[in-house]
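Each ligand, and each atom within it, is numbered from 1 in the order the structure gives.
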Amino acid sequence: MSFVHKTQCRICKGEDLVRFLSLGEHPPVDNFTDKAHIENEKRYPLDVYFCRQCNLVQLLDVVTQEELFHQNYAYFSSASAPLVEHFKSYAEDLKKDFLQKNDLVVDIGSNDGILLQFLTGTCRVLGIEPSANVAEAARKKGIETIDGFFTVEMAKNIVAKYGKAKVVTANNVFAHIDDIDEIVSAVQTLLTDDGVFVSESHYLLDLISKREFDTVYHEHLCYYSVKPLMYLFERFGMEVFDVRRVDVHGGSIRVYARKKSGKPHNPSVAMMLQLEEEAGLHGPLRFSGFQKEVDAIRGELVSLVRGFSKEGKTVTAYGAPAKGNTLLNFCGFTAADLKYVTDTTPQKIGLLTPGSHIPVVSPLILTTETPDYILLLAWNYREFILKKEEALRERGAKFIIPIPEVEIV
Ligand code: DWN
């Protein structure tokens, strides 16, 4: 178990990097644990940097991908119903925009086949997933899935066996990879000449404007905006030709890239660049006050949660997302503060949250128990969850929403 501290920007290799956020030392957020393994839990620095040359926001402390995306990875995308809906409509977009019958679609980091399952009827699909347990879940849905991390070598083998891909997707993956050059080269190897690479990642503008500091964790090495991505693809003779904002994971961007074609770009590219310029994302100043904003959220949450506990109220948490573990550890919460956290992911139930060691239990407990306050860690599904838990709220439970500002509903 280890990490390496880099000194160069991941995209432009520049060394003019400004640290603007420090969250302390954290364990990998998807490494749910149990009593037998707590003592050998590792923590690593969680600091965020801005590159003055290409403006990429990124982590420089890199935990090995084998430690993060291991054989018992706890994140199954399909555990969140709203996310299944999102990928269903994403698949419709791909079919409408690019795909013909029998085209090959390859999804890098395909998780449990949440996107590909909606394309099997139209196209040939192939998943690539390094976590064996998650890949198995995809195969159970009939999605052919290759174990392992995507490389140029793997791309060549895929081309030899299946031919070239019309569409390659990378959803909440393209921001997770340290050697991005390897991935872009591998995508180029895999794509047909008129093929399209579509990546969807959490969007820096949403992170900063809505103070979504908890989306910072070691799996997320990059926090993309359009400008550095254009710089990256340009280096490989590719072009960003369309960008769409999508309402998942607190706000994301879906970026479309292709081999240079001479064809016009969608006006969305220039519009998003302008938006970022106006929001100050292309300079260090906008980031200079972020630590203070994040520290203030922590202060509010800690005094709220511990104040309720002092009054003898029961406080629990809802959803055990990866980001929830950044928030819990940054606030220093433990089971003394939050009695348990409920989660719909079977593989998380019965384990303890990494670092804070709070028991993860089935949501069924909420049919018999009514906590006084419930910290909504899965705040990105706020509307869906508040609606789903109407009966619980009528019984008197109040939800504490931490992001974008602390509120009780
Ligand atoms: O990059 C990544 C992001 C994009 O997705 C991955 N590394 C891991 C994952 O991050 P996350 O765990 O923050 O994702 P979610 O989808 O926000 O996680 C939601 C969690 O909440 C899941 O564990 C499921 C759970 N949940 C629940 O208990 N009740 C979700 C819903 C909708 C619910 O009603």
Pair E85 + K88: basic N to acidic O under 4.0 Å: no
Axial cation check for Y90 ring with R254, 6.0 Å and 45° limits: yes
Any Y217 heavy atom less than 4.0 Å from ligand 1: yes
Ion pair check, D103 and R124, cut-off under 4.0 Å: no
R382: which of L386, I385, N380 passes side chain to side chain contact (heavy atoms under 4.5 Å, CB included): L386
Short N or O distance, L83 and ligand 1, threshold 3.5 Å exclusive: no
N380: numbered ligand 1 atoms lying under 4.0 Å from its heavy atoms: 17 (O)
Contact atoms of ligand 1, heavy-atom distance to Y318 under 4.0 Å: 29 (N)
Ligand 1 atoms in contact with K388 (distance to a heavy atom under 4.0 Å): 29 (N), 33 (C), 34 (O)
Option with minimal heavy-atom separation from atom 1 (O) of ligand 1, where the choices are H220, E219, R382, E389: H220
Atom indices of ligand 1, in the order listed, that fall short of 4.0 Å to a heavy atom of G319: 21 (O), 28 (O)
Test item, K348 contacting ligand 1 (heavy atom, 4.0 angstrom): yes
Ring geometry between Y373 and F308 (parallel below 30°, tilted from 30 to 60°, perpendicular above 60°): parallel
